[in-house]
Amino acid sequence: MTAARTIILGFLAVILAGTILLMMPFSTSEGTWNDPIVALFTSTSAVCVTGLSVVDPGTYFSFWGQFFIALLAQVGGLGYMTTTTFLILLIGRKFDMRQKIAIQQALDRPGMSGSTQVIRSIIATTVIFEITGVLLLLPAFVPDYGWSQGLWLAIFHSVNAWNNAGFSLFKDNLIGYQSSALVVFTITGLIIFGGIGYQVILEMYLWLRDRFLKKSSCVILSLNFKVGVSTTILLLFIGTIAFFCIERRNPETFGNLSLRDQWLVAWFQSVTPRTAGFNTIDNGKMTTAGLFITIALMFIGANPGGTGGGIKTTTLRVLTSCTKAILQGKEEVLLYDRKIAISLILKAVGVLVGSIATVILSTILIALTDPELDFIQILFEVMSAFATVGLSTGITASISTAAKLILIATMYIGRVGVLLLMSSLLGDPRPTRIHYPEENLLVG
């Protein structure tokens with residue numbers, strides 16, 4: 001039982017437990033036993049913080065069903081190992097070396113030291129941001145739904161936004177609040193900080209603290225912070241401009257909105273493909289160009305160590321830096337005057353190849369099971385599932401059972417990671433002293 005297998009089987013166990021809970025009569029609004037496929041799909045989507053749903057969560061599930069969805073999204077966003085370790089700490093037990101290694105792999109940390117402090121910081125950060133989100137959303141939901149329902153709506157959407165899940169209790173998701181700056185900026189703020197990674201948030205806090213206290217020795221920002229933050233800002237800026245320019249003449253999405261609302265919707269549409277899944281427009285009515293931009297943003301995803309999916313921003317920067325180095329005739333890959341190790345480059349290439357292979361295979365299989373669907377709809381749905389986004393063109397509920405099972409597998413692979421899944425299947429690599437001769441090969 002390697003660390004990778006512990007994480008892989010842990011997620012499966014949580015999905016299975018969630019499926020059983022969502023199948024119970026008290027989880028549905030009608031008080032009847034739930035369809036196993038619906039329960040399995042919803043549980044997988046919640047644990048994998050995707051947000052895709054074959055039913056309307058707000059009307060199909062009872063309060064307890066909605067509570068289980070939020071709980072599963074919370075566990076999925078924190079990660080199986082983080083949640084398990086936190087429970088171990090609560091009962092006062094210490095964890096062994098194998099658990100420390102599993103935590104290191106789950107959080108993609110460079111070392112194993114300080115695991116207990118990291119877990120506590122992650123839990124504290126989660127609680128602070130989610131409570132802040134609830135307090136900010138209350139003024140928007142309470143006037144429309146009253147205190148009890150408004151409070152639950154604020155809690156549910158805050159948890160899902162922070163964990164980049166994308167489940168909504170409104171029939172039209174957040175389209176009814178597309179012109180509410182409070183809702184738009186609260187949800188997008190939670191999405192960005194939830195997906196940017198706990199390490200980045202911690203570094204940002206320590207840096208601001210040292211600046212405020214005017215300490216002589218300030219925290220030095222890591223390469224992960226610089227790459228993650230700069231790439232996130234760049235993608236948000238490019239996405240907002242692109243959606244505004246492409247969709248502003250589309251009467252089905254932006255065309256009938258005021259200039260202020262167009263910018264609000266463009267900003268939201270730029271943030272949500274970063275593995276969140278909320279929407280303030282009907283994605284099925286977007287132009288083909290808008291859909292492809294959304295697909296590209298979904299594929300890139302969020303930062304490593306956060307609650308989002310995709311290939312991650314750091315993978316994108318490593319690969320683009322490799323391309324830049326080749327074009328400049330350099331033999332070293334540099335990022336912010338730092339050399340990137342060959343092992344990281346190989347890992348980035350592996351993530352890219354594995355991700356593309358998964359998306360292609362899932363798209364082909366669904367095209368075979370549901371040939372009546374358009375290619376762009378299938379690709380959009382598959383990419384949304386793999387990148388754990390949750391956006392849809394509206395076909396999720398109508399696809400065949402086989403296609404739903406394919407999406408379930410795709411969501412699971414996207415959440416645990418292609419490399420971690422392969423590592424669990426193949427086992428830990430064995431060191432070798434064998435070295436082979438080098439030979440040239442025509443490439444490109």
key: Ring centres under 6.0 angstrom apart (Phe170, Tyr177)   = yes

ask   = Aromatic rings Phe129 and Trp162: how do their planes relate, parallel, tilted or perpendicular, breaks at 30° and 60°?
value = parallel

task = Verify side chain to side chain contact (heavy atoms under 4.5 Å, CB included) between Val49 and Arg415, making sure each step is shown before the conclusion.
result = CA-CA 8 Å; Val49 290; Arg415 179 63 184 96; 3.8 Å; yes

For residues 402-413, which side-chain N or O atoms pair as donor and acceptor with protein atoms under 3.5 Å away, sequence neighbours left out?
{"from": "Thr410", "atom 1": "OG1", "to": "Ser362", "atom 2": "OG", "distance (Å)": "2.9"}
{"from": "Thr410", "atom 1": "OG1", "to": "Ile406", "atom 2": "O", "distance (Å)": "2.7"}
{"from": "Tyr412", "atom 1": "OH", "to": "Ile8", "atom 2": "O", "distance (Å)": "2.7"}

query = Are any side-chain N or O atoms of Thr232 and backbone N or O atoms of Gly228, one a donor and one an acceptor, separated by less than 3.5 Å?
reply = yes

Any Phe375 side-chain heavy atom under 4.5 Å of Thr363 side chain = yes

query = In this structure, are over 12 heavy atoms from other groups packed under 6.0 Å from Phe237 atom CZ?
reply = no

message = Tell me if the centroids of the rings in Phe244 and Trp263 come within less than 6.0 Å of each other.
response = yes

message = I'd like to check Lys312 versus Asn303 (side-chain heavy atoms, cut-off strictly below 4.5 Å). Are they in contact?
response = no

key: Sub-4.5 Å side-chain heavy-atom contact between Met286 and Gln269   = yes

request  = Rounded to the nearest 0.5 Å, what's the gap from CD on Gln377 to OG1 on Thr396? Could you check?
outcome  = 10.0 Å

inquiry  = Keeping Ser270 on the side-chain end and Leu236 on the backbone end, is there a donor-acceptor pair under 3.5 Å?
reply    = yes

query = What distance separates Met204 CE from Gln199 CD, expressed to the nearest 0.5 Å?
reply = 12.0 Å

inquiry  = Measuring only between side-chain heavy atoms, which start at C-beta, is Asp56 closer than 4.5 Å to Phe61?
reply    = no

query = Heavy-atom distance under 4.5 Å between the side chains of Gln178 and Phe268, does that happen here?
reply = no

query = Between Thr272 (side chain) and Phe278 (backbone), is there a donor-acceptor pair under 3.5 Å?
reply = yes

query = Just wondering, do Ile192 and Arg274 contact through their side chains at under 4.5 Å, heavy atoms?
reply = no

request  = List the steps and the verdict of side-chain hydrogen bond (donor to acceptor under 3.5 Å, both in side chains) for Asn163 and Glu130.
outcome  = CA-CA 9 Å; Asn163 291 289; Glu130 289 183 354; 3.3 Å; yes

query = Hey, does Leu169 have a side-chain heavy atom less than 4.5 Å from the side chain of Thr59?
reply = no

ask   = Can you name the nearest heavy-atom pair linking Leu138 to Pro143, along with the distance?
value = O-CD, 3.8 Å

ask   = Near Arg338 CZ, under 6.0 Å, is it more than 12 heavy atoms from other residues, nucleotides or ligands?
value = no

inquiry  = Tell me whether Thr313 contacts the main-chain N or O of Thr231 through its side chain, where contact means a donor paired with an acceptor under 3.5 Å.
reply    = no

message = Quick check for you: to the nearest 0.5 Å, what is the distance between Ile300 atom CD1 and Ile295 atom CD1?
response = 12.5 Å

remark   = In terms of heavy-atom contacts, Leu174 and Ser168 come closest through CD2-OG, 4.5 Å

ask   = Is there a donor-acceptor contact under 3.5 Å from the side chain of Ser45 to the main chain of Gly51?
value = yes

task = Mind checking salt bridge (Lys or Arg N to Asp or Glu O under 4.0 Å) for Asp144 and listing every partner two or more places apart, or none if nothing turns up?
result = none

Any donor-acceptor pair under 3.5 Å from Thr19 side chain to Ser43 backbone = no

task = Quick one: closest heavy-atom pair of Thr393 and Leu291, and the distance?
result = CG2-CD2, 4.2 Å

query = Where does the angle between the aromatic ring planes of Tyr145 and Phe141 fall among parallel (under 30°), tilted (30 to 60°) and perpendicular (over 60°)?
reply = perpendicular

inquiry  = Using a 3.5 Å distance criterion without hydrogens, assess whether the side chain of Arg260 forms a donor-acceptor pair with backbone atoms of Ser179.
reply    = yes

query = Roughly how far apart are Leu297 CG and Ile238 CD1, rounded to 0.5 Å?
reply = 9.0 Å

request  = Would you mind telling me which of Ile281, Thr280, Asn283, Ile246 makes a side chain to side chain contact (heavy atoms under 4.5 Å, CB included) with Thr253?
outcome  = Ile281

query = Minimum heavy-atom separation for Glu381 to Ser392, with atom names?
reply = OE1-OG, 3.0 Å

request  = Would you please test Trp267 and Leu264 for side chain to side chain contact (heavy atoms under 4.5 Å, CB included) and show each step?
outcome  = CA-CA 5 Å; Trp267 162 254; Leu264 277 178; 5.5 Å; no

message = Donor-acceptor check, side chain of Asp374 to backbone of Ile376, threshold 3.5 angstrom: yes or no?
response = no

message = Check this for me: Phe225, atom CZ, are more than 12 non-hydrogen atoms of other residues, nucleotides or ligands nearer than 6.0 Å?
response = yes

key: Side-chain donor/acceptor of Ser29 to backbone N/O of Tyr60, under 3.5 Å   = yes

key: side chain to side chain contact (heavy atoms under 4.5 Å, CB included) between Trp207 and Ile220, intermediate numbers included   = CA-CA 8 Å; Trp207 185 82; Ile220 300 177; over 6 Å; no

Distance in Å, Phe41 CZ paired with Asp35 CG, rounded so as to fall on 0.5 Å steps = 12.0 Å

message = Under 6.0 Å between ring centres: does that hold for Phe254 and Phe243?
response = no

Atom pairs and distances, donor-acceptor, side-chain atoms in residues 324-336, under 3.5 Å, two or more places apart:
{"from": "Gln328", "atom 1": "OE1", "to": "Lys330", "atom 2": "NZ", "distance (Å)": "3.2"}
{"from": "Tyr336", "atom 1": "OH", "to": "Ser230", "atom 2": "OG", "distance (Å)": "3.0"}

request  = Write down the atom of Pro57, the atom of Ile69, and the distance for their closest heavy-atom approach.
outcome  = CB-CD1, 4.4 Å

task = Take Val418 and Val351 through the side chain to side chain contact (heavy atoms under 4.5 Å, CB included) test and state the conclusion after the steps.
result = CA-CA 7 Å; Val418 177; Val351 169; over 6 Å; no

query = How about Thr388 and Asn164: do any of their side-chain heavy atoms sit closer than 4.5 Å?
reply = no

query = Rounded to the nearest 0.5 Å, how far does CG of Leu316 lie from CG of Leu234?
reply = 9.0 Å

message = Show the nearest heavy-atom pair for residues Gly58 and Gln66, with the distance to one decimal.
response = O-NE2, 3.4 Å

request  = Mark yes or no for whether Ser400, through its side chain, and Asp370, through its backbone, hold a donor-acceptor pair below 3.5 Å.
outcome  = no

